[in-house]
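In what follows, a single structure is set out as structure tokens and then discussed.
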Amino acid sequence: MTTSPTLPKTRQQLILAVLMLCSLLIWLDNTVLSIALETLADPVRGLDADPAELQWATGAYTLAFATLMFTAGALGDRYGHRTVLVTGLMLFAGSSVWAAYANDPRQLIAARVAMGVGSALIMPANMAILMWTFTGPARATAVAVSSTSAGAGMAAGPVLAGLLLDHFWWGSVFLVNVPVVVVAVVGMVLLVPDFRSPTPRPLDPAGMLLSISGLAALAYGLIRAGQVAAWSRTDVWVPIAVGLVLLAAFVRVELRSKAPGFDPRLLAQRMFGGGNAALGLLLFATAAVTFYNAFYLQGARAWSPMEAGLAGLPTALGAILGAPLGARLVRRWSLRAVSAPAFTVAALTMGAYGFFGLCTPLLWIEALLLVQGLAIGMVLGPVTAALISTLPLDRAGAGSAVTNTVRQTGSVIGIAVGGTIMSIAYRHAIEPSLSEVPAAAQDRARLSAEQARHVATVTDRPALAHAADEAFVHAMHVGAVWIMLVALAGAAVLTAALRPAGKPAGPVREPDHDQGGSRPATGTASRP
């Protein structure tokens with residue numbers, strides 16, 4: 001079979017539901033972990049993880065996710081996207097069990113790497129199957145509908161994590177992935193054809209090695225800067241420099257390859273490249289502000305995991321409503337007129353964290369989170385649909401991997417940079433309050449506000465706990481300014497990328513691969 005099969009509409013809808021469940025699994029895991037961070041840092045209830053270990057627990061997953069997606073896309077084109085996706089689901093479930101029973105932060109980080117590998121196998125195959133299943137205008141609609149799974153995961157994850165953490169041990173938040181995987185695997189096997197490309201691409205081991213080592217070195221240097229509170233040390237700037245050199249080598253290798261797994265040439269197109277760069281900056285800012293928010297609500301404000309989870313519902317509700325609202329507004333006006341202002345609003349809401357304090361009314365926090373989620377949804381949904389529409393069908397796996405790799409790279413760097421800014425600012429702010437603290441406890445109190453609160457409890461120094469809260473809030477304010485500036489830069493990049501060329505551009509027309517001689521080379525599908 002040389003063309004994408006025309007499946008019955010009912011089956012298409014069921015396939016979309018299964019794909020959304022797979023996407024929901026990844027978003028569910030990300031948001032669940034954000035609620036568990038404060039517990040994992042606790043010396044008694046968790047793993048006594050320090051800020052750097054928590055950054056790695058979050059960032060190692062995203063690092064594996066980002067750097068293996070383009071290889072996963074090639075695997076899907078070669079061996080079948082359903083086969084690769086089911087393999088990813090099984091790996092994700094197994095590593096979730098490993099994470100749940102980790103005995104120390106290092107084991108948790110290793111398990112999170114394995115979970116990232118599973119996610120990398122899931123996401124490109126997920127988008128490729130969607131593109132094979134739907135054609136014409138129905139594809140853009142399916143992409144927009146599929147994006148609502150992000151909002152659903154953002155809504156369900158924190159509440160579910162709060163419920164589990166209030167009644168069970170921290171590892172239960174990872175075990176919740178297992179039943180979701182079981183349902184998703186059954187749906188994939190029963191409903192989804194094993195789409196694949198007729199021209200398998202090489203797996204690109206050189207590119208994979210360079211990208212993994214480059215991003216790992218860069219992330220290590222950025223996180224190390226937060227540990228030592230300095231940028232001038234050789235153990236900070238040398239890894240950063242090495243990481244940048246390796247990533248430059250990665251781009252050079254991919255440009256020279258006749259069949260690259262990650263094709264930088266796609267990023268040379270103004271809309272595709274600029275749009276992905278903008279979304280990468282948005283994910284940078286979102287990852288950083290989410291990292292801050294977890295410690296603000298449960299640490300500085302002393303809310304329970306359930307209270308923190310419920311407090312995050314407005315963000316999820318906004319994201320769920322924002323994606324379809326943005327799609328409707330784009331049909332009426334234009335992508336640029338809708339997404340650029342929404343991006344700017346999202347940036348300003350992130351900067352507004354600089355006004356949060358220890359006594360900020362809940363109503364103001366919830367209103368801000370609602371607007372933030374709405375704005376982010378209005379950007380991610382329509383812009384993703386527009387970018388995906390530019391991809392040829394026979395490059396579905398590799399093309400979607402480029403998009404997802406850029407975004408996850410933004411998240412990796414956002415967590416590393418955001419956490420490092422917070423650590424450095426916190427250390428400077430807490431230092432004046434440590435003069436009366438015993439020398440043996442000072443280093444522990446400098447690590448993080450969580451450790452300082454523990455020291456305050458053990459040594460019966462309530463003033464130190466209050467000072468730690470104030471120092472954290474100060475650090476969050478400093479970070480919020482930088483995060484806002486990064487997000488505003490992303491809004492500017494998106495505005496430039498969507499600038500009409502020559503004459504005003506109308507609504508983005510979804511290419512229909514079922515029509516005419518312009519149809520690209522397509523793949524084969526073996527039915528289950």
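Computed from heavy atoms alone, side chains included, the values below leave out hydrogens, waters and symmetry copies. Keep in mind the model is a prediction, meaning the values are calculated, not measured.
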Considering only distance and modelled atom types, tabulate donor-acceptor pairs under 3.5 Å from the side chains of residues 338-354, sequence neighbours left out.
| residue | atom | partner | partner atom | Å |
| --- | --- | --- | --- | --- |
| S339 | OG | L335 | O | 2.6 |
| T344 | OG1 | A340 | O | 3.0 |
| T349 | OG1 | A346 | O | 2.6 |
| T349 | OG1 | Q372 | NE2 | 3.3 |

Task: Selection residues 274-286 - residue pairs positive for salt bridge (charged side-chain N to carboxylate O under 4.0 Å, His left out), sequence neighbours left out - done: none
Task: salt bridge (charged side-chain N to carboxylate O under 4.0 Å, His left out) pairs, two or more places apart, involving residues 109-124 - done: D29-R112
Show me the donor-acceptor pairs within less than 3.5 Å that the side chains of residues 480-492 make with the rest of the protein, sequence neighbours left out.
none

Please report the closest heavy-atom contact between [X] and [Y], naming both atoms and the distance.
| X | Y | result |
| --- | --- | --- |
| L215 | L247 | N-CD2, 3.9 Å |
| A277 | V493 | CB-CG1, 4.2 Å |
| T495 | R336 | O-NE, 3.0 Å |
| M271 | A386 | CE-CB, 3.4 Å |
| V84 | L121 | CG1-O, 3.5 Å |
| A294 | L37 | CB-CD1, 4.3 Å |

- [ ] Would you mind reporting whether N293 and V289 have side-chain heavy atoms less than 4.5 Å apart?
- [x] no
Task: N177 and M115, any side-chain heavy atoms less than 4.5 Å apart - done: yes
Open item on the list: Side chains of Y426 and S448 only: does a donor on one sit below 3.5 Å from an acceptor on the other?
Closed with: no
Partners meeting side-chain hydrogen bond (donor to acceptor under 3.5 Å, both in side chains) with [X] (sequence neighbours left out):
| X | result |
| --- | --- |
| E366 | none |
| Q451 | D48, R444 |
| D469 | R453 |

TODO: Check salt bridge (charged side-chain N to carboxylate O under 4.0 Å, His left out) between R446 and all other residues, then give those that pass, not counting sequence neighbours.
DONE: E431, D443
Task: Contacts of R252 that satisfy salt bridge (charged side-chain N to carboxylate O under 4.0 Å, His left out) - sequence neighbours left out - done: none
Side chain [X], main chain [Y], donor-acceptor under 3.5 Å:
| X | Y | value |
| --- | --- | --- |
| N276 | F272 | yes |
| T58 | L54 | yes |
| E254 | V251 | no |
| Q298 | I35 | yes |
| Y220 | V236 | no |

Task: Those residues that, when tested against F291, pass ring pair (Phe, Tyr, Trp, His ring centres under 6.0 Å) (two or more places apart) - done: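 Counting only residues at least two positions away or on another chain, F291 forms a ring pair (Phe, Tyr, Trp, His ring centres under 6.0 Å) with F295.
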- [ ] Not counting sequence neighbours, which residues clear ring pair (Phe, Tyr, Trp, His ring centres under 6.0 Å) with Y296? List them please.
- [x] F356
Task: Counterpart residues, side-chain contact (heavy atoms from CB on, under 4.5 Å), relative to A467 (two or more places apart) - done: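 Here the qualifying residues are I430, S433.
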TODO: Can you establish whether the number of heavy atoms outside W303 located under 6.0 Å from its atom CH2 is more than 12?
DONE: yes
